[in-house]
Amino acid sequence: MGHVIEGFGFMLTVILATLVVIILCLAAVGLQRIRRGGKIGMPYQASGPLFSAAEQAFLNVLDVSVGSEHRVFGKVRVADVAAVKPGIQNSARQGALNRIAAKHFDFVVCRVSDLAVVCAVELNDKSHASQRAQARDELLRGVCEAIGLPLLQITAKRSYSQQDVRAQFVSAISPA
């Protein structure tokens, strides 16, 4: 009878070890799904239109105002337009990149021929009166100045004159 009990204990140990291996395999498969973008690891939903109604109205005028030799892109990351200078220590480089990584320009205007950015455009509504927005605006102005990129700041209105926007754009990109 002692052999039966020992055999039963051995079988129980094998069954428990097998269950542990199965559970670990299932956990590994679940982690792979999360890493690969399976449904488990993607807690996202569509966020709605890319532009507010005011931005859409301005974009329509800006598109026409810049002419056929230019193309307008919206919500472009500052880090896609400005790079951190080489030769800066790693911690300072990362700090500089962090300051611009999550920021974007409302619009950038590019030459059609090579898609080089010729001007950044910010549409400033009443939200730009806050201290936080003013600090962001100052950062954008500083980045644009540092990289030699004209920054056209337009005050948000109910409607825009195509001729006025065109004149401001031409003035911004014309050498002084």
Side-chain angles (χ1 to χ4, degrees), residues 34-37 41-176:
I34 290 170
R35 286 188 189 129
R36 284 193 209 140
M42 292 296 175
Y44 306 108
Q45 65 182 22
S47 60
L50 186 58
F51 297 109
S52 68
E55 290 169 328
Q56 287 176 358
F58 177 72
L59 175 59
N60 293 336
V61 173
L62 183 61
D63 268 333
V64 174
S65 299
V66 299
S68 61
E69 64 276 5
H70 294 98
R71 186 168 177 189
V72 178
F73 294 91
K75 307 235 187 224
V76 175
R77 286 183 337 134
V78 175
D80 291 331
V81 174
V84 179
K85 293 177 183 176
I88 298 175
Q89 291 182 338
N90 285 346
S91 62
R93 169 178 289 288
Q94 191 60 51
L97 184 58
N98 289 346
R99 283 195 306 275
I100 64 170
K103 306 284 189 291
H104 71 270
F105 293 110
D106 291 335
F107 305 98
V108 295
V109 181
C110 299
R111 274 192 308 266
V112 168
S113 61
D114 60 2
L115 294 182
V117 179
V118 298
C119 184
V121 181
E122 282 294 300
L123 185 60
N124 296 334
D125 60 14
K126 57 186 166 193
S127 72
H128 286 254
S130 75
Q131 195 170 21
R132 183 176 180 188
Q134 288 177 0
R136 176 195 169 277
D137 291 347
E138 185 60 36
L139 173 68
L140 293 183
R141 279 191 294 277
V143 168
C144 286
E145 185 176 317
I147 66 173
L149 180 68
L151 175 61
L152 180 56
Q153 295 179 299
I154 304 285
T155 302
K157 307 181 212 177
R158 286 193 180 271
S159 64
Y160 304 92
S161 159
Q162 180 185 330
Q163 292 79 12
D164 288 347
V165 173
R166 173 80 181 162
Q168 290 177 59
F169 170 69
V170 169
S171 175
I173 65 168
S174 297

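Source: prediction; values computed, not measured.
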Side chains of D164 and Q168: any donor to acceptor distance under 3.5 Å?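 No, no side-chain donor-acceptor pair sits under 3.5 Å.
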
For residues A79 and A101, report the shortest heavy-atom separation together with the two atoms involved.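 Residues A79 and A101, closest heavy atoms: CB-CA, 4.2 Å.
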
Of the non-hydrogen atoms in D63 and V66, which two are nearest, and what is the gap between them?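 Residues D63 and V66, closest heavy atoms: O-CG2, 3.5 Å.
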
Measure the shortest side-chain to side-chain distance between [X] and [Y] over non-hydrogen atoms and say whether it is less than 4.5 angstrom.
X: V108; Y: V121; result: no
X: Q56; Y: L59; result: no
X: D80; Y: F105; result: no

Parallel, tilted or perpendicular: which describes the rings of F51 and F107, with under 30° parallel and over 60° perpendicular?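 If you compare the ring of F51 with that of F107, the planes turn out parallel.
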
Report the distance from atom [atom1] of [X] to atom [atom2] of [Y], rounding to the nearest 0.5 Å.
X: E69; Y: R111; atom1: CD; atom2: CZ; value: 11.0 Å
X: R136; Y: K103; atom1: CZ; atom2: NZ; value: 7.5 Å
X: L62; Y: F169; atom1: CG; atom2: CZ; value: 7.5 Å
X: F58; Y: T155; atom1: CZ; atom2: OG1; value: 10.0 Å

[X] atom [atom1]: more than 12 heavy-atom contacts under 6.0 Å:
X: R166; atom1: CZ; answer: yes
X: N98; atom1: CG; answer: yes
X: Q89; atom1: CD; answer: no

Mind running side-chain contact (heavy atoms from CB on, under 4.5 Å) on H70 and V118 for me, showing each step along the way? CA-CA 9 Å; H70 294 98; V118 298; 3.7 Å; yes

Without swapping roles, check the side chain of [X] against the backbone of [Y] for a donor-acceptor pair under 3.5 Å.
X: E55; Y: S52; result: yes
X: S171; Y: A167; result: no
X: E122; Y: D106; result: yes
X: R93; Y: K85; result: yes
X: S65; Y: Q162; result: yes

Just list the side-chain donor-acceptor pairs under 3.5 Å for residues 139-154, sequence neighbours left out, or say none.
from: R141; atom 1: NE; to: E138; atom 2: OE1; distance (Å): 3.4
from: R141; atom 1: NH2; to: E138; atom 2: OE1; distance (Å): 2.9

Please list, chain by chain and in numerical order, all residues satisfying side chain to side chain donor-acceptor pair (under 3.5 Å) with Q134, sequence neighbours excluded.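 Checked Q134 against side chain to side chain donor-acceptor pair (under 3.5 Å); zero matches.
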
